[in-house]
There are 2 protein chains.
Amino acid sequence: MSDSTPATIEDVARIAEVSIATVSRAIHNPEKVAKSTRLKVNQAIAITGYTTNAMARSLRLGRSNMILVVAPDIGDPNFSSILVGLENEARSHGYGVLIGHTQNDAQRALEYLKFLNSNQAAGLILFTGILPFGHDTMTARLPPSVGIFEPVFNGGIPYVGVDDMEGARKVVDLLIAEGHRKIAFIGDSRTRLAYKRRRAGYDAGLDAAGVPAELRLVQEGDGTLESGRAAVERLFVRDTLPTAFMCVNDQTALGVMIGLKARGYDIPGDFSVTGFDDVPQATFMTPALTTIRQPRTSIGKHAMALLLDLLSSRQPAETEILLRPDLVVRNSVSVPSARWLAR
Amino acid sequence: MSDSTPATIEDVARIAEVSIATVSRAIHNPEKVAKSTRLKVNQAIAITGYTTNAMARSLRLGRSNMILVVAPDIGDPNFSSILVGLENEARSHGYGVLIGHTQNDAQRALEYLKFLNSNQAAGLILFTGILPFGHDTMTARLPPSVGIFEPVFNGGIPYVGVDDMEGARKVVDLLIAEGHRKIAFIGDSRTRLAYKRRRAGYDAGLDAAGVPAELRLVQEGDGTLESGRAAVERLFVRDTLPTAFMCVNDQTALGVMIGLKARGYDIPGDFSVTGFDDVPQATFMTPALTTIRQPRTSIGKHAMALLLDLLSSRQPAETEILLRPDLVVRNSVSVPSARWLAR
DNA sequence: TTGTAAGCGTTATCAT
DNA sequence: ATGATAACGCTTACAA
C-alpha cells in the first residue's frame with residue numbers, strides 16, 4: 001500500500017484483474033467499458049492511489065498539459081493579477097502554468113522557446129512587448145498562442161486586451177463634465193497599440209464635446225514617472241496651461257502630481273490629474289488617483305479560455321477580445337480652478 | 001529541413017552517421033565520445049535544430065525538470081518579487097517553474113499534489129500558510145521541498161526566510177535612538193513564527209535599552225489594516241499612550257496611521273509609526289512609511305538554490321537560511337512629541 | 001569509442 | 001467489451 005514508488009497503470013490492472021488497456025479506457029472513455037468493470041477499476045485506483053504519469057501520457061500523446069506564460073517582467077504587480085486569472089482558468093481545465101520571465105531579453109526568450117520545442121508546453125501566452133523569438137518565420141513553429149493586451153506578430157496571434165479607447169473616453173467625458181476645456185494629454189510615444197488607442201480616445205472625447213484640439217497640450221513621454229514630471233515642466237514653459245492633466249498611465253500621473261506639487265500647486269484644487277491602469281499604489285497617492293481600472297483577473301481568464309479553445313480547435317478563434325475598463329473615481333479630479341478660468 | 005514534426009534523436013543520429021546512443025552521450029557526456037564524433041553530432045544537431053524531448057527524457061529518468069511553486073495567493077504583490085528570484089535561479093539551472101495558487105483551500109492544494117504524484121514536478125517550493133495536503137504522513141510522499149518564510153511540517157522541510165528578530169531590533173533601536181521610551185507593539189497573534197520573532201525583537205530591543213516592558217502597550221491583532229486601527233482605539237482607552245507605534249507589518253501600520261489621523265493627530269509630529277515588510281505601497285503612504293525591507297528576490301533565489309541542491313543531494317541541506325533585512329528610513333518616525341513628554 | 005537493446009508508463013490500433 | 005501489442009523519444013547497462 002504505502003509503496004515507495006508510485007502506482008502505475010499496471011498495478012491497477014493487476015488488482016482490478018483486467019488489462020492495462022481496459023484501465024486506460026475506464027479512465028478516459030468510461031462509456032466504452034462495462035459498468036461492472038468500471039467499478040473494479042475505480043476500486044483498484046482508490047486502493048493504489050494511482051495517478052496517471054503525465055510524462056508518459058504526454059510522450060504518447062505528443063503534447064503536454066502545460067501552458068507557457070512568457071512576460072517581460074513577472075515582478076510587475078500588474079502581472080500577478082492577470083496571472084491569477086490565467087492560472088485559475090488553466091487549472092480548472094487540467095492544465096498547469098509554466099512561467100517565463102524575459103526581462104525583454106531576446107536571449108532569455110529563446111531559452112523559453114526550448115520549452116515549446118521540447119514539447120513541454122502545449123500553448124503559449126505572450127505578454128506585450130516580447131515577441132522576441134526571431135521573426136515571422138518563427139510564427140510557423142509557434143504552438144497555439146494568445147497575446148495579452150496587444151496583437152502579436154501583426155495580428156497573426158489573437159489577443160485579449162482592454163478597450164483602451166473606451167477607457168480614455170470615460171476619462172475625457174468625466175473631465176469635460178466637470179467643466180474642463182483645456183485638457184493636456186501626457187502620452188507614451190512607444191509603439192504600444194494601447195497608447196495610441198488611449199490617445200485616440202482623448203481626441204475623440206474632445207471632438208465629441210466640441211472642444212478644439214490644441215496640439216500644444218499634447219506631450220509625448222515614455223510612460224515613466226520621470227516623463228510625467230518632465231511634461232509638466234515643458235507645459236509650464238508654454239503660455240497655454242491646461243486645467244487638467246490626462247495621463248496615459250498611472251506612473252505618468254504620479255510624475256505629473258509630483259511635478260505640480262513641486263511647483264506648489266494643489267491637486268485637485270489647482271489642477272486635476274487622471275491616470276490609466278489603476279495600479280495598486282493609485283489608492284495611496286495623495287490625492288488618491290482617479291483612473292481607469294484594467295480588469296486584470298478577467299483578462300487572464302479570457303486569454304486562457306481562448307487559448308484552451310484554440311488547443312481543442314473548437315473554434316475558428318476570434319482574433320481580438322476587448323474587455324470593458326471601468327472608471328474609478330477618487331480624489332484627483334474636481335472642477336477647473338477659478339484661478340485659471342479667470343485669466 | 002523545415003519539417004513539420006520536430007527532429008528526434010534518431011534524425012540527428014542518421015545525419016551524423018552514428019547511433020542514437022552516441023548522440024545522447026555526445027550531449028550529456030561529451031567527454032565520453034571522440035572529438036571527431038562530437039563534431040559530427042553537433043553539426044547534425046545544428047542542421048536539424050534538434051532539441052531533446054523533455055517528456056521522453058523525464059519519463060526515462062523518472063523525474064522532471066520542473067519545480068512546483070505553491071502559494072496561497074499568487075496575486076499578492078509580495079509574491080511576485082520572490083517569484084522573480086525563484087524563476088531566475090531555476091532557469092539558469094535548466095529548470096522550469098510551475099505555479100500553483102491555493103487560496104488557502106485544501107481542495108486546490110490537493111489538485112496540485114497531483115502534479116507531484118504524476119511526476120510533473122521534481123521539487124516543491126511552499127509558501128507559508130499552506131502545508132495543506134493532509135498531515136504528517138504526507139511528508140513521506142513529498143519530493144524535495146523548501147519552504148519560504150517559515151518552517152513547514154514542524155521543521156521537516158528546510159526553509160529560507162528573513163531574520164525577523166534582527167529586523168525588529170533595527171526598528172526598536174531606531175525608535176530608541178530617536179528618544180522614544182513608550183513604544184507600543186501592534187502584533188499578530190496568528191501562528192506564524194515570523195510574528196513571534198518580531199515580537200521577540202521588540203522585547204529584546206527594549207530590554208537592551210533598559211526600557212521596562214509595559215504589557216499594556218502590546219496589542220495583538222491579526223495583521224490586517226483593520227486590526228491596526230482597532231489597536232489604536234484600544235490604546236486610547238487606556239491611560240498610557242505610547243509615543244511610537246511599532247507594527248508587525250505594513251498593513252497594520254497603515255491601519256494605525258488611519259486611526260491616528262482620524263483622531264486628528266499628525267504623523268510623525270504627534271506619533272511615530274513603523275511597519276515591517278516594505279510593501280510597494282509603503283512609499284506612497286502619507287507620510288511615507290519607515291519599515292523593514294524583505295529582500296524578496298534574494299529569498300526566492302536562495303530558496304530555489306537550496307532546493308536544487310537538495311535535488312542533486314549534494315548537501316545534507318541546512319534546515320534554515322535567514323537573510324538580513326534592511327531598515328528603510330522614510331518619514332513616519334521622528335522624535336517623541338513634546339506634548340506627551342510634558343505629561 | 002561505439003552500438004545494441006531494454007524499458008520508462010502511456011494510449012491506440014487491431015484482434016478477439 | 002476486452003486484451004495484446006506497438007510506439008512515443010529517450011538514457012543507460014552491457015557488448016563489441
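Model, not experiment: these values are computed from the prediction. So you know, we letter chains A, B, ... as the sequences are listed, proteins then strands, and number each from 1.
- Candidate nucleotides dA4(D), dT10(C), dC10(D) were compared by shortest atom distance to the side chain of N53(B), and dC10(D) ranks first.
- Here dT1(C) presents its P atom at 14 Å from NZ of K40(B), a figure rounded to the nearest Å.
- Within a 6.0 Å sphere centred on CD of Q103(B), heavy atoms belonging to other residues, nucleotides or ligands number more than 12.
- Between T37(A) and I20(A), the residue whose closest nucleotide on DNA chain D is further toward the 5' end is T37(A).
- In this structure, N65(B) places its CG atom 13 Å from C1' of dC10(D), rounding to the nearest Å.
- Comparing E17(B) and H28(A), the nucleotide of DNA chain C nearest to each residue sits closer to the 5' end for E17(B).
- Closest non-hydrogen pair, V41(A) versus V12(A), comes out as O-CG1, 4.1 Å.
- Distance, I27(B) CD1 to dC10(D) C1': 10 Å, rounded to whole Å.
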Pair up each side-chain donor or acceptor in residues 25-35 of chain A with any protein partner under 3.5 Å, not counting sequence neighbours, and list the distances.
from: H28(A); atom 1: ND1; to: R57(A); atom 2: NH2; distance (Å): 3.2

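- Rounded to whole Å, the distance from CZ on R25(B) to C1' on dA5(C) is 12 Å.
- If you take CZ of R57(A) and P of dA7(D), they are 21 Å apart, rounded to a whole angstrom.
- No contact: S36(A) has no heavy atom under 4.0 Å from any strand.
- Here dG9(C) is the nucleotide among dC10(D), dG9(C), dA5(C) with the atom lying nearest to any side-chain atom of L59(B).
- Closest contact between the side chain of A56(B) and the listed nucleotides dG3(D), dC10(D), dT10(C) involves dC10(D).
- Backbone-only contact: A34(A) has heavy atoms under 4.0 Å from sugar-phosphate atoms and none from a base.
- Considering only side-chain N and O atoms, T22(B) lies under 4.0 angstrom from the phosphate OP1 or OP2 of dG3(C).
- We find that CG of L61(B) is positioned 11 Å from P of dA13(D), with the value rounded to whole Å.
- When the nucleotides dT2(D), dC10(D), dG3(D) are ranked by their closest atom to the side chain of Y50(B), dC10(D) comes out on top.
- The separation between E10(B) atom CD and dG9(D) atom C1' is 8 Å, rounded to whole Å.
- Of the N and O atoms on the side chains of N65(A) and Q120(B), at least one donor lies less than 3.5 Å from an acceptor on the other residue.
- Protein atom CD1 of I9(B) is 19 Å distant from nucleotide atom P of dG7(C), rounded to whole Å.
- Regarding contacts with the backbone of dG9(C), every side-chain N or O of T8(A) stays at 4.0 angstrom or more from both OP1 and OP2.
- Applying the ring-ring contact (aromatic ring centres under 6.0 Å, His included) test to every pair with at least one member in residues 45-82 of chain A, sequence neighbours left out, gives these pairs: F79(A)-F127(A).
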